[in-house]
Amino acid sequence: MSEAPPPELVARFREALARLNPEGRTIGLAVSGGPDSMAMLLMAHAAIPGHFAVATVNHGLRAEAADECALVAAACETRGIACAMLPVSVGEGNVQAEARTARYDALCEWADAQGLAAVATAHHADDQAETLLMRLNRGSGVAGLAGVRERNQPPQFDCAIIRPLLGFRRAELAQVVAGEEVAHDPSNHDPRYDRVAMRQNLAGCDWLDPLAIARSASILAEAYEAIEDYADLLWPQAVRVEGEGYVLTPVAAREMNRRLLARVLEKLGGRPRGGDVARLLMRLEAGEGGNVAGVLARVKGGEWVLGAEPVRRT
């Protein structure tokens, strides 16, 4: 067993939890066995003993997955911490995205069944900086640049998702697990992945401050929430149901048209990326129609008419 985590890091972790879980209810930790989540486990054991449970998810995507889950279970057993192993199946398509969805669904179902207030994940400041810079490089809008939220509420679950490590650097978490057995995913060193390439490039940029970048992401998240609140107010004024589709009357603020358009696409069953919405917005502004995520859009009398794309007959 490793030495106790540095007291100053434990104190910061306790402060983050007090802000994200002010009622002090029991929470769950999502622990993969990697150094970041294992550091979270060790700090939770020092900061809030007896007030958390642990779950580890086995996607079955790598041969090492079962061993990594066993590593987490052993670390918990040594410390008398409850640990649940959650096997999941990953759907076809974008494997990383499907695995993420399956993981969060399994964790939230587990948390709700246990009556836990939230599930904590181990995203930290370096993760946040990488996410923000990757999305900047892709031309993302406010929603994407808000990065990973410190707290969010999945709509279909009672538990929240919290990220108490967003104020911590990767190097600080490495201190916590020094001497502890942890898992290392080889994909985290494969430069074919965008995030790994960004991480390797950032390693040589000592003039960039990931903590400052993470603070910017937090400010952008607040701006995004304000935009969403305004979209709630505009919806009944600018959008109406017509038949099996929707009619959107454009408003003066372009960003609000983008948000309202994205919401209509989602209500019609589409799952568009931000770039898809932006391109459709440009076409509609030019008086043209378009097809995004199975939704047809056209301009009629200055309004935008959207409906599900008809089933093609062969």
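No hydrogens or angles considered: a donor-acceptor pair under 3.5 Å links the side chains of R163 and N152.
Listed for the R135 side chain is no donor-acceptor partner under 3.5 Å among the backbone atoms of S140. The backbone N or O of A102 sits nowhere less than 3.5 Å from a side-chain atom of D105 that would complete a donor-acceptor pair. D112 places a side-chain N or O within donor-acceptor distance of the main-chain N or O of C159, the cut-off being under 3.5 Å. For H51 (side chain) and P49 (main-chain N/O), a donor-acceptor pair under 3.5 Å exists by modelled atom type. Without hydrogens or angle criteria, N257 side chain to V251 main chain gives a donor-acceptor distance under 3.5 Å. Between the side chain of E150 and the backbone N or O of P164, no donor-acceptor pair lies under 3.5 Å. Without hydrogens or angle criteria, Q128 side chain to V148 main chain gives a donor-acceptor distance under 3.5 Å. The backbone N or O of L133 sits nowhere less than 3.5 Å from a side-chain atom of N137 that would complete a donor-acceptor pair. Checked by atom type and distance alone, the side chain of R151 never pairs as donor or acceptor with a backbone atom of I162 at under 3.5 Å. The main-chain N or O of V176 is never found under 3.5 Å from a side-chain atom of E180 such that the two would form a donor-acceptor pair.
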Q: Go through R240 and E303 one step at a time and tell me if the salt bridge (Lys or Arg N to Asp or Glu O under 4.0 Å) criterion holds.
A: CA-CA 11 Å; R240 68 179 186 274; E303 295 183 314; 3.0 Å; yes
(Q) Under the criterion side-chain contact (heavy atoms from CB on, under 4.5 Å), I'd like the reasoning laid out for V292 against E309: C-alpha separation, chi angles, the key distance, then a yes or no. (A) CA-CA 9 Å; V292 170; E309 181 182 14; over 6 Å; no
Q. How far apart are the C-alpha atoms of E68 and T56, what are their side-chain angles, what is the distance that settles it, and do they pass the side-chain contact (heavy atoms from CB on, under 4.5 Å) test?
A. CA-CA 9 Å; E68 291 165 359; T56 183; over 6 Å; no
**Q.** Test log, rule side-chain contact (heavy atoms from CB on, under 4.5 Å), inputs F52 and L116
**A.** CA-CA 8 Å; F52 70 95; L116 304 176; over 6 Å; no
Q: Determine, step by step, whether R258 and E285 satisfy the salt bridge (Lys or Arg N to Asp or Glu O under 4.0 Å) criterion, reporting the C-alpha distance in whole Å, the side-chain angles of both residues, the deciding distance to 0.1 Å, and the verdict.
A: CA-CA 11 Å; R258 190 195 321 272; E285 288 173 335; over 6 Å; no
Q: List the steps and the verdict of salt bridge (Lys or Arg N to Asp or Glu O under 4.0 Å) for R12 and E15.
A: CA-CA 5 Å; R12 282 166 51 196; E15 289 172 3; over 6 Å; no
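Within 6.0 Å of atom CD in E181, 12 or fewer heavy atoms from other residues, nucleotides or ligands are found, so the atom counts as exposed in its surroundings. Atom CD of E288 has more than 12 heavy atoms from other residues, nucleotides or ligands within 6.0 Å. The local environment of CD in E244 is sparse, with at most 12 non-hydrogen atoms from other residues, nucleotides or ligands closer than 6.0 Å. Dense packing is recorded around CE of M85, with more than 12 heavy atoms of other residues, nucleotides or ligands lying under 6.0 Å away.
Under the 4.5 Å side-chain criterion, counting only non-hydrogen atoms from C-beta, F13 is in contact with L165. Between L306 and L261 the shortest side-chain heavy-atom distance falls below 4.5 Å. Contact of the Y224 side chain with the R149 side chain is registered, since non-hydrogen atoms from C-beta on lie closer than 4.5 Å. When side chains are defined from C-beta on, V295 does not count as touching V264, because their heavy atoms never get closer than 4.5 Å. Looking only at side-chain heavy atoms (C-beta outward), V72 and S32 stay at 4.5 Å or farther from each other.
If you chain together hydrophobic residues whose side chains sit under 4.5 Å apart, Y104 and W110 fall into the same group.
Between atom NZ of residue K300 and atom CD of residue E242 there is a gap of 6.5 Å, rounded to the nearest 0.5 Å. To the nearest 0.5 Å, atom CG of residue D36 and atom CE of residue M38 are 11.5 Å apart. Separation of atoms CZ (R263) and CH2 (W235) is listed at 7.5 Å; rounding is to 0.5 Å. Residue T131 holds its OG1 atom at 3.5 Å from CZ of R195, rounded to the nearest 0.5 Å.
The heavy-atom pair separating A125 from L211 by the smallest distance is CB-CD2, 3.6 Å.
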